[in-house]
Amino acid sequence: MDFLETVKSLFSAFGEFYDPTPGAALGGWGDGLKMLLMIAIGAVLVFLAIKKEMEPTLLLPMGFGTILVNLPLSGAITENLTEGEGPISVLFNAGIANELFPLLLFIGIGAMIDFGPLLKNPWLMLFGAAAQFGIFFTFVMAGFFFDINDAASIAIIGAADGPTSIFVADVLHSKYLGAIMVAAYSYMALVPIIQPPVIKAVTSRKERLIRMPYKAGEVSKTTKIMFPVIVTIVAGLVAPASVALVGFLMFGNLIRECGVLNSLSETAQNAFANSITIMLGLAVASRMYWKEFVKVETLMILGLGLIAFVFDTVGGVMFAKVINIFMPKNRKINPMIGAAGISAFPMSGRVVNQLGLKEDPQNFLLMYSISVNVSGQIASVIAGGLILALVAH
């Protein structure tokens, strides 16, 4: 009899399938299907991480965590305080609710980035700024369907920067953190699929064939050391709300460039960043519980996130085309490099270089596209700070 009761309770947890009353309506089927849908979504994320190698360090723990929190009676998340706190909810409260994990992850990201190519051509920072257009465009669009805090959080998906998206959504207490997280990292992984058709749609073949001469020379160590310090100070003055994000990113880069913390730099880039990413993925899975995730709003967020990505790409390309109007014929800019201004580093920079090589096997744009891509990393963080400042006022 005890076994039968256990089976009944499991079915009940999947949406109250069991009802011994003759002719009773099975209205609970909807909840059960939502649970099964979320388990299936978790399985898809695990598949994409392993089979397609799409952001595996994040999608694998996120996908497995999604399966875990949606299993009936698993106790992985806190549902009833009388039964104790779920471990994944504890992890969320320890690292996401206080914005700790995204900030710590930025130390590792900063340690991975070489700003040398950008410092050779600092004017390329303008393209990183222009490629944030999609964020503000989507902010306005999302405002027609969501309250201002959620609209701002959704718009930051266009930053193509997972930690920034999490940080902004958490600071603004968005109800859709799980959907925003999935959209941000999914579209980052899909950059090689999303960007090429958009770039081709807004450029001509003649523009894609433009060659840009390689600028030789090295950046001094002093310049590389001073750069993260100066950027932090400037960002703090221009967008104070971004100073935590920018500061942690630049601190990681300072560890890399100072030359006296090589072992610490390697740790930040590898073991530290990977450990934080695993905890981040599991923690965010707590917000992919079926009661919170399976909503019409989730599909709208995915759609708006795609719009933000597309218009970021278009904004960067169009900015380059406008500049070309005023440039002499022998100094034209290949407008494709503007598309690399999103923060998906280094994927977007590589995509642009590959497009250039596809049009002309001798057209090497990597130095420029990676420089713009790096500037987009900084610009996206500052854009997040500006969004926070706008919403706060």
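These numbers were taken from a predicted model, which means no experiment stands behind them.
Salt bridge absent: Asp170 and Arg287 never bring a charged side-chain N and a carboxylate O closer than 4.0 Å.
A donor-acceptor distance shorter than 3.5 angstrom exists from the side chain of Asn373 to the backbone of Ala340, with no hydrogens or angles considered. Listed for the Asn253 side chain is no donor-acceptor partner under 3.5 Å among the backbone atoms of Pro228. Side-chain N or O atoms of Asp147 include one that pairs as donor or acceptor with a backbone N or O of Asp150 at under 3.5 Å. Ser369 places a side-chain N or O within donor-acceptor distance of the main-chain N or O of Gly349, the cut-off being under 3.5 Å. Formation of a donor-acceptor pair under 3.5 Å by the Asp114 side chain with backbone atoms of Gly116 is found in this model. Without hydrogens or angle criteria, Asn70 side chain to Met38 main chain gives no donor-acceptor distance under 3.5 Å. Of the possible polar contacts, none joining the Thr138 side chain to the Ile135 backbone as a donor-acceptor pair under 3.5 Å is found. Judged by distance alone, with hydrogens and angles left aside, the side-chain atoms of Asn270 form a donor-acceptor pair with the main-chain N or O of Glu266 at under 3.5 Å. Between the Asn98 side chain and the Ala94 main chain, a donor and an acceptor come within less than 3.5 Å of each other. A donor-acceptor distance shorter than 3.5 angstrom exists from the side chain of Thr298 to the backbone of Phe293, with no hydrogens or angles considered.
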What's the verdict on side-chain contact (heavy atoms from CB on, under 4.5 Å) for Gln377 and Phe106, showing C-alpha distance, side-chain angles and the deciding distance? CA-CA 11 Å; Gln377 186 78 59; Phe106 261 109; 3.9 Å; yes
For the pair Phe127 and Ile323, evaluate side-chain contact (heavy atoms from CB on, under 4.5 Å) and give the outcome as yes or no after the intermediate values. CA-CA 10 Å; Phe127 294 97; Ile323 289 181; 4.1 Å; yes
Hey, mind stepping through Gln132 and Ser380 against side chain to side chain donor-acceptor pair (under 3.5 Å) and telling me if it holds? CA-CA 7 Å; Gln132 310 310 310; Ser380 67; 5.0 Å; no
Does Lys120 form a side-chain contact (heavy atoms from CB on, under 4.5 Å) with Val219? I'd like the steps, not just the answer. CA-CA 7 Å; Lys120 290 181 186 178; Val219 177; 3.7 Å; yes
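Between the CG atom in Leu388 and the CG atom in Asn149 there is a gap of 9.5 Å [rounded to 0.5 Å]. The CE atom of Met181 lies 9.5 Å from the CE atom of Met288; values are rounded to the nearest 0.5 Å.
Between Val374 and Leu118 the shortest heavy-atom distance is CG1-CD2, 4.1 Å. The shortest non-hydrogen separation linking Ala183 to Ile157 is CB-CD1, 3.8 Å.
At least one side-chain heavy atom of Ile210 sits under 4.5 Å from a side-chain heavy atom of Pro335. Two residues are said to be in side-chain contact when any heavy atoms from C-beta on lie closer than 4.5 Å; Ile39 and Thr66 fail this criterion. Between Ile225 and Val229, every side-chain heavy-atom pair lies at or beyond the 4.5 Å cut-off. Side-chain atoms of Val294 and Ile41, non-hydrogen and from C-beta on, never get closer than 4.5 Å to each other. Residues Phe272 and Leu264 form no side-chain contact, since every pair of their non-hydrogen atoms from C-beta on lies 4.5 Å or further apart. Between Ser220 and Thr223 there is a side-chain heavy-atom pair separated by less than 4.5 Å. Looking at Lys34 and Lys291, their side chains never come closer than 4.5 Å, going by heavy atoms from C-beta outward.
Across Lys200, Arg205, Lys206, Gln354, a single residue satisfies side-chain hydrogen bond (donor to acceptor under 3.5 Å, both in side chains) together with Glu359, and that is Arg205.
Summarising the local packing, CZ of Phe364 is surrounded by more than 12 heavy atoms from other residues, nucleotides or ligands at distances under 6.0 Å.
Side-chain N/O atoms of Arg208 and Thr203 include a donor and acceptor closer than 3.5 Å.
Between Tyr187 and Phe309, the two ring planes are tilted [angle within 30° to 60°]. Using cut-offs of 30° and 60° on the angle between ring planes, the pair Tyr176 and Phe146 is perpendicular.
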